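Everything numeric here is computed off the predicted structure, so don't read it as measured data. The figures that follow rest on heavy atoms only: side chains count, while hydrogens, waters and symmetry mates do not.
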Amino acid sequence: GAAALKDSNIVALQKAAVVTPIDPTGAGDAFVSGFLHGLWKWRRTSSLLNNSWPTEAVHMGLLWGCAVATSNVLVRGASVASSRPQIEEFVHTTAGLG
């Protein structure tokens, strides 16, 4: 799971998918790439107000960050990329869509 904070206040929370991890190598990097993907995925369909990312966008980033990191820990080593369908399955599962 993950939390986003601003001025010591929680802005958004994302629950974790329940999995049995195989190897945590690269999970932090995977989270960051997923978080950025989620922000830009939101940005493609919406616009910023006052150059500020709204809570909805931050939550989308957390959702994708957790999904990519979760799929990352299910393989041994950081050199094997997760498949997009596997990552999207975690997005739908943790968002309550699946």
Side-chain angles (χ1 to χ4, degrees):
L5 303 168
K6 181 178 180 183
D7 300 325
S8 300
N9 296 312
I10 296 174
V11 174
L13 291 171
Q14 178 56 53
K15 66 180 179 174
V18 179
V19 299
T20 301
I22 295 171
D23 184 356
T25 304
D29 293 334
F31 176 85
V32 171
S33 68
F35 181 80
L36 292 173
H37 172 81
L39 282 180
W40 289 109
K41 184 176 179 63
W42 177 88
R43 180 74 170 95
R44 283 193 304 263
T45 61
S46 303
S47 60
L48 295 176
L49 298 174
N50 303 322
N51 288 330
S52 179
W53 291 96
T55 302
E56 175 186 331
V58 174
H59 187 263
M60 179 73 77
L62 293 179
L63 176 64
W64 277 91
C66 286
V68 174
T70 298
S71 64
N72 180 84
V73 302
L74 296 179
V75 295
R76 186 161 308 284
S79 62
V80 178
S82 302
S83 69
R84 184 175 183 99
Q86 181 183 30
I87 294 167
E88 289 175 343
E89 180 180 332
F90 284 119
V91 167
H92 290 324
T93 300
T94 57
L97 303 173

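Under the side-chain hydrogen bond (donor to acceptor under 3.5 Å, both in side chains) criterion, Glu56 pairs with Trp42, not counting sequence neighbours. Legend: residues meeting side-chain contact (heavy atoms from CB on, under 4.5 Å) with Val73, ordered by chain and number and at least two apart, are Val19, Pro21, Ala27. Legend: residues meeting side-chain hydrogen bond (donor to acceptor under 3.5 Å, both in side chains) with Asp23, ordered by chain and number and at least two apart, are Thr25. Scanning for side-chain contact (heavy atoms from CB on, under 4.5 Å) contacts around Lys6 gives Val11, with sequence neighbours left out. The side-chain contact (heavy atoms from CB on, under 4.5 Å) search around Ser33 returns Val68, not counting sequence neighbours. Under the rule for a side-chain hydrogen bond (donor to acceptor under 3.5 Å, both in side chains), His37 has no partner lying at least two apart in sequence or in another chain. Thr20 is linked by a side-chain contact (heavy atoms from CB on, under 4.5 Å) to nothing, counting only residues two or more places apart in sequence or in another chain.
Residue pairs meeting the side-chain hydrogen bond (donor to acceptor under 3.5 Å, both in side chains) criterion with at least one member in residues 64-73, sequence neighbours excluded, are Ser71-Ser82. Residue pairs that meet the salt bridge (Lys or Arg N to Asp or Glu O under 4.0 Å) test with at least one member in residues 69-90, sequence neighbours left out, are Arg84-Glu88.
With hydrophobic clusters built from ILVMFWY side chains whose heavy atoms lie under 4.5 angstrom apart, Leu39 shares a cluster with Leu62. Leu63 and Trp53 fall within the same hydrophobic cluster, where Ile, Leu, Val, Met, Phe, Trp and Tyr residues are linked whenever their side-chain heavy atoms come under 4.5 Å apart, directly or through other members.
Here Leu13 sits in one hydrophobic cluster together with Leu5, Ile10; the rule is ILVMFWY side chains under 4.5 Å apart, joined directly or through other members.
Going from atom CD of Gln14 over to atom CZ of Phe31 covers 9.0 Å, rounded to the nearest 0.5 Å.
Closest approach of Ala69 and Ala30 over heavy atoms only: CA-CB, 4.0 Å.
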